[in-house]
Structures are given as C-alpha cells and as structure tokens.
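As structure tokens, the structure follows; a few thoughts come after it.
The first residue in the sequence is number 1, and the count goes up from there. In each ligand, atom 1 is the first atom listed, and ligand 1 is the first ligand listed.
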Amino acid sequence: MKKYTDIYDISNLDETVQQAIELKKAPFSFKELGKNKTLIMLFFNASLRTRLSTEKAAKNLGMEVMVLNVNDTWNLEFEDGAVMNFDTTEHIKDAAQVISQYADVIAVRAFPSLTDKRKDESEWILNSFINYASVPIINMESATGHPLQALTDAITIEELKTKKRPKVVLSWAPHPKALPHAVANSFVQMMQQSDVDFSITHPEGYELNSDITKDTPIFYDQFEGLKDADFVYVKNWSNYENYGKVLCEDTNWMITKEKLTAAKFMHCLPVRRNVVVEDAVLDSENSVVISQASNRTYAAQVVLKHLLKELQL
Ligand code: CP
C-alpha cells in the first residue's frame with residue numbers, strides 16, 4: 001500500500017481486516033516499525049475520533065506524531081497559476097513539499113463545501129496533497145470518502161457477525177444540518193467489497209451518487225428495508241441531486257427500538273441523540289458504536305503498518 005485515500009487502496013480486504021483484528025490483540029507488537037518515523041496529521045475540520053485514534057495507532061507503532069490545525073496557519077492557495085495578490089499567503093505546492101520534509105506520512109482531513117459539487121468531487125484538497133507531497137497520504141475524511149471509517153466498520157462487522165453472510169442495511173436518518181456523503185459513500189463501497197447481503201434505505205430523492213451505489217438495492221420504505229437486518233448502519237446525508245440541501249427532515253426516519261428489533265446498531269459518531277436515533281437504541285446492548293470507535297485505532301494502525309512496511313522497501 002503506497003497511500004490510503006480510498007478503500008480501493010486495500011489490495012486484500014479480508015487479509016487486512018484479519019491483520020487489524022490481530023493488531024487489536026497485540027497492539028504494541030510492531031513498536032519498532034515506526035521508530036524514527038513521523039506522522040503529521042493536518043486538520044482543515046474538527047475531529048474527535050479520527051484525531052485521537054490515528055494518533056494512538058501511530059504511537060502504538062512507535063511513531064512520532066505532529067498535529068496541525070490548518071486554519072491556524074497561512075491561508076493556502078490551491079489554484080494552479082493563481083496570482084496571489086489577495087488573501088492567500090502560501091501555495092499548496094510549496095506547503096505540501098515543505099510538510100513532506102518533516103513527515104514520513106501525512107494524513108489529511110478536509111470536508112466538502114456542500115455548495116460546489118464539481119469542486120467537491122474533484123477532491124481538490126486531498127488530490128493537491130497526493131500531487132505535491134513526496135510522502136504517502138492518508139485520507140482522514142475528504143469531500144467524498146472516509147475510508148478509515150469504512151475499514152473500521154468492516155472490522156466491526158467481521159468481529160460481531162454471527163452468520164457467514166450477514167444482512168447489512170445502510171439507513172438514512174434525519175438531521176437538522178446539511179451533512180456530507182463521505183461516510184455513506186465509503187461504507188457503500190466497503191460493503192460492496194465484503195461478503196454481506198447489502199442494501200440501502202432512504203427517502204425517495206435521497207439517492208447517493210449512482211456511480212458509487214451502482215446496483216445496490218434501494219428501499220424507499222424503511223420498514224421493508226430494515227426487515228431481517230443483522231446490522232443497521234445509520235447515517236444522515238444531505239441531498240445529492242439538489243447538492244448539499246436538506247429537503248427532508250422526516251422525523252419518522254429516526255431509528256427507534258421498534259424498528260431495530262434484533263439488529264446491531266452502527267453509527268460512525270458523533271450522533272445527535274433523539275434526532276438520528278433514540279436513546280433506547282443507543283443505550284441498548286444492540287448498539288455497537290463504542291466498539292466501532294475502539295476499532296478506529298486498529299483500522300488506522302493496520303493502514304500505517306502497511307505504509308511503513310512499504311517505506312522499508
Ligand atoms: N467518525 C469520525 O470520523 O469521528 P470524528 O469526526 O470525531 O473524527
């Protein structure tokens with residue numbers, strides 16, 4: 001693995017998931033691998049889990065870690081050939097090369113604008129780092145994907161499944177604010193690569209990018225969609241066609257105990273209680289959100305381990 005910017009950077013998913021589960025049993029067993037290596041994490045947006053779990057993963061491997069909240073530094077220019085006589089101070093071409101002098105691996109979090117679909121889908125921030133940095137790049141959630149979260153979710157399902165091919169459903173849920181498509185996109189891609197019976201349920205008109213969902217079955221009736229599910233992954237996303245708009249706040253789509261029956265409840269967190277999901281679900285034994293949060297460390301660790309091994313070659 002030379003980078004981890006989308007789930008397709010994993011060459012053998014089953015093997016990678018099993019390696020993550022092994023790392024969880026012995027997290028310090030590769031402590032020498034990251035010795036004298038530095039991870040720099042760049043945050044254009046807020047984070048709790050990604051920030052802490054990725055740092056923990058790097059330290060488990062013996063790495064040094066530096067964190068930069070990018071909004072605290074110079075205002076970056078991303079446009080090629082820009083005449084920088086306004087409010088941008090440093091070009092990404094220079095910044096990415098400079099950061100590469102201090103880092104062996106760079107991890108980037110940069111959310112979408114949700115106002116300019118074309119620009120968001122070009123992944124202009126993440127791709128600038130891929131283009132101009134001279135070290136491997138990790139995506140810590142970009143405009144269109146959250147591959148570390150998706151790997152975490154695959155690990156969690158593998159650990160908790162009670163049948164060979166569980167039924168996994170991604171359900172839209174209401175939210176008062178416009179949210180990105182990244183978590184849902186990467187989860188869909190990950191489930192398409194996994195040995196699961198996968199489908200999506202959302203209100204009509206809330207289709208994700210069809211280039212990503214492809215032929216995944218979609219149910220507009222949430223009760224029908226959730227029937228006999230073993231895992232229900234819940235996530236809000238804003239409208240994709242009317243890009244970034246909140247057109248539906250249908251509270252009937254909130255996940256309740258009655259809807260979930262015996263299924264495990266999954267969510268990437270943070271979650272708005274009693275808007276997305278009621279307390280009775282989140283506080284029940286069926287909720288696996290804390291296990292997911294725990295697995296964020298081992299998803300990041302297995303990715304870093306692969307990148308560090310590649311650096312040794
Ligand atoms: N799930 C997730 O990425 O959490 P943070 O936004 O807190 O990092």
Quiz item: Once the angle between the rings of F265 and H267 is folded into 0 to 90°, is it parallel (under 30°), tilted (30 to 60°) or perpendicular (over 60°)?
Solution: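 Parallel: the ring planes of F265 and H267 meet at under 30°.
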Quiz prompt | K227 NZ: over 12 foreign heavy atoms closer than 6.0 Å | solution =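 Counting neighbours around NZ of K227, 12 or fewer heavy atoms of other residues, nucleotides or ligands fall under 6.0 Å, so no.
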Quiz item: Of the listed options (R49, E141, H267, H146), which comes nearest to atom 3 (O) of ligand 1 when hydrogens are ignored and any heavy atom counts?
Solution: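 Selected option, by shortest heavy-atom distance: H146.
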Quiz item: Which one of Q149, R296, R109, Q292 has a non-hydrogen atom at the shortest distance from atom 6 (O) of ligand 1?
Solution: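 The residue whose heavy atom sits nearest atom 6 (O) of ligand 1 is R109.
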Quiz item: Taking only heavy atoms of C268, which atoms of ligand 1 are found under 4.0 Å from at least one of them?
Solution: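 Result: 1 (N).
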Practice problem: Number the atoms of ligand 1 from 1 as they appear, then name those within less than 4.0 Å of a heavy atom of L269, with their elements. | Solution: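 Numbered from 1, ligand 1 contributes 1 (N), 2 (C), 4 (O).
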Quiz prompt | Close approach of M140 to ligand 1, heavy atoms, under 4.0 angstrom | solution =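 The answer is no: ligand 1 sits nowhere under 4.0 Å from a heavy atom of M140.
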Quiz item: Given D230, which of K163, K161, R165 fulfils the salt bridge (charged side-chain N to carboxylate O under 4.0 Å, His left out) condition?
Solution: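 It is K163, the one option of K163, K161, R165 that forms the salt bridge (charged side-chain N to carboxylate O under 4.0 Å, His left out) with D230.
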Practice problem: Using distance alone, determine whether L48 and ligand 1 share an N or O pair under 3.5 Å. | Solution: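 Yes; the residue has a nitrogen or oxygen that sits under 3.5 Å from a nitrogen or oxygen of the ligand.
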Self-check item: Pi-cation contact, F30 with K305 (under 6.0 Å, within 45°)
Solution: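 Yes.
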Self-check item: Test item: side-chain donor near acceptor, D153 and T156, under 3.5 Å
Solution: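 Looking only at side-chain atoms, T156 and D153 do not form any donor-acceptor pair under 3.5 Å.
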